[in-house]
Amino acid sequence: MTDNGQCIAGGVTASVVSHGQGALLTDLLEDLARLAPPQLAHLVITLNLPEQAPRLPALPFRVTVLRNAAPLGFGANHNAAFAHCTSDWFWILNPDLRLPADPLPALLGAARPSDAIVAPQVIEAGRVADAARLLPTPARLVRRRLFGQRQLAEEQGGRYDWLAGMCLLVRSAAFRTLGGFDERYRMYCEDVDLSLRAQLAGGTLQQVAGARVQHESQRASRRSLRYLTWHVQSMLRLWGSAAYRRYRRRQRQGG
């Protein structure tokens, strides 16, 4: 990594946002310190709520800490972090992730030239989570809410339309061309929208089975009316978006 805006081939800049989640963030930082991923050149930590900066263990990469004067949404925070990215790849991480092993070698090794976004398998409560899903149509959303229907990529014949945003490795050139996340989404569906727009622009997605991370899932939208409201608003925005309509049209045309 350099400070003059030049990219390091294969290098990675990571972004993690804490919403008063200091204990979780500390655990993740300890994992990164233990693993010391050689490809990781820069970590951007965003404190979205007032909190004490985490104690940083000895880290073999550059660290930048950003403090927000007022809370921002998921997309806005990671877009701001991306302004500090001068590497080829931008790694989006939730603070409630744990890294039993370094997923970067498998992710970078599997990335195809066409891939705009690659992601690992996500383990939740001891099992593989459905972090690579089909397009969230109203019918699929109802089935998921009523029956808890999971959408594992293997059960879908390896088909998926979007990758969940708790752990995404995005090609920096693609993220820049797409304009990053759409900040009109407050907390939900930014990952769906980005995945759809990336594919409409000619990129591909890939979930890499050889890479795994552990997610201590919070599922806030199932416990809080405010978060549920944000979720519903985001779904309505997605269904009314040009990207969603274009992607659906392409699917119907067999593209």
Would you find a donor on one side and an acceptor on the other, under 3.5 Å apart, between the side chain of [X] and the backbone of [Y]?
X: Arg112; Y: Thr204; value: no
X: Gln206; Y: Ala110; value: yes
X: Arg140; Y: Leu135; value: yes
X: Arg248; Y: Thr137; value: no
X: Arg133; Y: Asp130; value: yes

I need the [X] [atom1] to [Y] [atom2] distance, nearest 0.5 Å.
X: Leu169; Y: Leu108; atom1: CG; atom2: CG; value: 5.5 Å
X: Gln39; Y: Ser87; atom1: CD; atom2: OG; value: 11.5 Å
X: Leu40; Y: Leu35; atom1: CG; atom2: CG; value: 10.5 Å

Asp102, Leu99, Val63 screened by side chain to side chain contact (heavy atoms under 4.5 Å, CB included) with Leu32, the one that passes: Leu99
Looking only at the side chains, is there a donor atom on one of [X] and [Y] sitting less than 3.5 Å from an acceptor on the other?
X: His84; Y: Thr13; value: no
X: Tyr247; Y: Gln199; value: yes
X: Ser172; Y: Asp88; value: no
X: Asn94; Y: Glu216; value: no

Pairing residues for Phe90 by the ring pair (Phe, Tyr, Trp, His ring centres under 6.0 Å) criterion, not counting sequence neighbours: Phe82, Phe175
Phe74/Phe181 aromatic ring centres below 6.0 Å: yes
If the condition is side-chain contact (heavy atoms from CB on, under 4.5 Å), which residues does [X] pass it with, not counting sequence neighbours?
X: Asp27; answer: Glu30, Arg98
X: Pro95; answer: Val16, Gln21
X: Ala164; answer: Ala131, Trp162, Met166, Asp191

So do [Y] and [X] actually touch side chain to side chain, heavy atoms under 4.5 Å?
X: Leu141; Y: Met235; answer: yes
X: Leu194; Y: Leu163; answer: no
X: Leu205; Y: Gln207; answer: no
X: Val128; Y: Val122; answer: no

Side chain to side chain donor-acceptor pair (under 3.5 Å) assessment of Thr64 paired with His42: CA-CA 8 Å; Thr64 299; His42 188 189; 2.7 Å; yes
Check against ring-ring contact (aromatic ring centres under 6.0 Å, His included), Tyr227 and His231: CA-CA 6 Å; Tyr227 284 87; His231 200 170; over 10 Å; no
All pairs passing side chain to side chain donor-acceptor pair (under 3.5 Å) where residues 44-57 contributes a residue, at least two apart: Ser18-Glu51, His19-Asn48, Asn48-Asn68, Asn48-Asn77
Salt bridge (Lys or Arg N to Asp or Glu O under 4.0 Å) contacts touching residues 235-247 (sequence neighbours left out): none
